[in-house]
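These notes concern the structure reproduced below.
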Amino acid sequence: MKKSDNSPSYFNWRRLKTGVLVTGDMGGWALLTPAEFRLFSEGRLKSGPAFEMLQGAGFFRSRLDFDSMFTNWRDSNEYLRLGPGLHIMVMTEKCNHSCVYCQAGSGAGLNMSRATARRAVDLAFSAPVAGLTIEFQGGEPLVNWPVLKETALYARKKAGKTGKDLALALVSNFSLMDRAKADFIVENDISLCTSLDGPADLHNANRKFSGGDSHAAAVKWIEHFQGRRGLEPPGGPSALLTVTRASLGRAREIVDEYVRLKLPYVFLRPLSPLGSALKRWEEIGYTPEEFLEFYKEGLDRVLELNLRGVPIKEKTAFLIVKKIIGSQDNKYVDLRCPCGAGIGQLAYDCDGGVYTCDEGRMLAREGDRSFRLGSALKDTYGEIMASDPVKACAIASSLDLQPSCARCAYRPFCGSCPAYNQAAQGGFWGSMPSNGRCRALKGIFDHIFEKLSKRRFSKVFEMWLEK
């Protein structure tokens, strides 16, 4: 039987409250009414707005624009040939907070030595990328300030010699910040991120600090840096939110706190089953469905504020929208396919151990060394990148190889996390109905596509990409 000119090319589909979503392997997508979907899938759709939309997205076999499709795919997947651009350096295991969900470490522990830090920087600069980011983490990295400061200067000097673009970043709770450190950070163009779990009562309940008021310290230095010029992102530091059971039902309050502090993003992230969070899951954890209700409430509040002219974005939606309507690599390694473990990022522990990612490093603290690639003190870049865990993560996070992912409508925009899968399920592969991350992401994608079907919200998303 001869195929008509309107025969559909390969597609996946999913029913939403607002219609039927169809997606293609190269990232094309369209939202159809049930009647339009029936005609399309039967090869009987011949004209009209839906036909034009589907044709532009590459859904008709005889009308495929291969040059355009290839160019878009190549540009959005350019990172696959470059190597790791993000290098996370854990300056210390020590921290002066006792957060209920701690994944990093607190109390006594190691500091990264000057020699180890320099070797980690040297290894990072071995990556064949034109630009790289070195991110200082902990524990609380300001505990090891002398080494952090010297390492930042060494990395800047090395960037000057190699001609590579270098971004420096610091993740800190700000409780040990002072004016001298702040001046150095601004003068050396180090971007900042802190933790902010919401209003003071919620933040302080999650992020326990025996030395004082954790929320007040974070707010003090957020406002200080917002008054300094030359910081990225524009306006000063960014902040990260970790959602615990205590956060549920308070999404609007949390968003409003970020707005009050003039922060550019609120990042509504679920809790990961790592470190103390796993041990206290019954107390602070929740189901994917409970998180989704929280997420929807938070994103809806952000969009409501945007429609009133208040400038704030929700980071998860922003990262996803960049791929859906921007056809861009969002540089977020957790939503890449394959994921960024090893090929997009490396994490360096205090002792020089190199891991596929920070989550893999955290698992090593619990005795699982599955994600350890080698040591910055003795292994070369080539040896580390050729190690078995890098290959295993790339294979395990290739969605085409996972049964339920391969036929999922969200495959072109999604990504799997082997470290999460290892912690939650005991294996790198994640294509299982019980996978909480997958269930949460599907719900998030559903909500975002349903919002995209309404012009007033799609215009907001488009404005996010313009700024």
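The first residue of the sequence shown is numbered 1, and numbering continues consecutively from there.
L248 has its side chain out of reach of E293: every pair of non-hydrogen atoms, C-beta onward, lies at least 4.5 Å apart. Side-chain contact between R280 and R245: absent, with no pair of heavy atoms (C-beta onward) separated by less than 4.5 Å. Between F267 and T316, the closest side-chain pair of non-hydrogen atoms falls below 4.5 Å. Using a 4.5 Å cut-off on side-chain heavy atoms (C-beta onward), L153 and K157 make no contact. Between P418 and F371, some side-chain heavy-atom pair lies under the 4.5 Å cut-off. Between F457 and L299 there is no side-chain heavy-atom pair separated by less than 4.5 Å. Contact annotation: the side chain of P199 approaches that of I254 to within less than 4.5 Å [non-hydrogen atoms, C-beta and beyond]. Residues T242 and R207 have side chains not in contact (no heavy-atom distance under 4.5 Å, counting atoms from C-beta outward).
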Run Y420 and L274 through side chain to side chain contact (heavy atoms under 4.5 Å, CB included) and show every step you take. CA-CA 8 Å; Y420 174 95; L274 298 167; over 6 Å; no
Between R372 and D349, does the salt bridge (Lys or Arg N to Asp or Glu O under 4.0 Å) criterion hold? Intermediate values first, please. CA-CA 10 Å; R372 184 181 170 94; D349 210 348; over 6 Å; no
Between K296 and E450, is the salt bridge (Lys or Arg N to Asp or Glu O under 4.0 Å) condition met? List the steps. CA-CA 11 Å; K296 291 176 183 178; E450 285 163 4; 6.0 Å; no
Would R228 and E187 satisfy salt bridge (Lys or Arg N to Asp or Glu O under 4.0 Å), going step by step from the backbone distance to the final call? CA-CA 10 Å; R228 306 286 294 265; E187 290 162 5; 5.6 Å; no
K442 and C408: CA distance, side-chain angles, deciding distance, side chain to side chain contact (heavy atoms under 4.5 Å, CB included) verdict: CA-CA 9 Å; K442 279 184 178 177; C408 178; 4.1 Å; yes
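Side chains of S214 and N173: a donor-acceptor N/O pair is absent below 3.5 angstrom, by distance only. For the residue pair N96 / E140, no side-chain donor-acceptor distance below 3.5 Å is found, with atom types taken as modelled.
Between S375 and I384 the shortest heavy-atom distance is O-CD1, 4.4 Å. In plain terms, the two heavy atoms of A218 and S195 that are nearest each other are CB-O, 4.1 Å. Nearest heavy-atom pair, V321 versus I448, reported as atom, atom and distance to 0.1 Å: CG2-CG2, 4.1 Å. Across every non-hydrogen atom of A440 and P288, the tightest pair is N-CB, 4.1 Å. Minimum interatomic distance between S387 and L373 (heavy atoms only, all atoms of both residues): OG-CD2, 3.4 Å. Nearest heavy atom pair, residue S247 against residue N206, reads OG-ND2, 4.2 Å.
Ion pair R252/E297 not flagged as a salt bridge, since none of the NZ, NE, NH1 or NH2 atoms sits closer than 4.0 Å to an Asp/Glu carboxylate oxygen. The existence of a salt bridge linking E462 and R455 is confirmed by a sub-4.0 Å separation between a basic side-chain nitrogen and an acidic carboxylate oxygen. Between D300 and K451 a salt bridge is recorded (basic side-chain N to carboxylate O distance below 4.0 Å). Ion pairing between a basic and an acidic side chain is recognised when a charged N comes within 4.0 Å of a carboxylate O; D183 and R179 show such pairing. In this structure, R250 pairs ionically with D201, as a charged nitrogen and a carboxylate oxygen lie closer than 4.0 Å.
Classification of the W221-H224 ring pair by plane angle, with boundaries at 30° and 60°, yields perpendicular. Between F445 and Y410, the angle of the ring planes stays under 30°, which puts this pair in the parallel group of the 30/60° scheme.
In this structure, R118 is positioned above the aromatic face of Y154, its NZ or CZ under 6.0 Å from the six-membered ring centre and within 45° of the axis.
Judged as a side chain to side chain donor-acceptor pair (under 3.5 Å), and not counting sequence neighbours, the contacts of Q137 are E135. Among residues two or more places apart in sequence or in another chain, the ring pair (Phe, Tyr, Trp, His ring centres under 6.0 Å) test is passed with H203 by H215.
A side-chain hydrogen bond (donor to acceptor under 3.5 Å, both in side chains) with E314 holds for exactly one of Y295, Y258, W464; it is Y295.
The ring of F125 has its center no closer than 6.0 angstrom to the ring center of Y381. The ring of F449 has its center closer than 6.0 angstrom to the ring center of W29.
No more than 12 heavy atoms of other residues, nucleotides or ligands shown are found within 6.0 angstrom of CD on E282.
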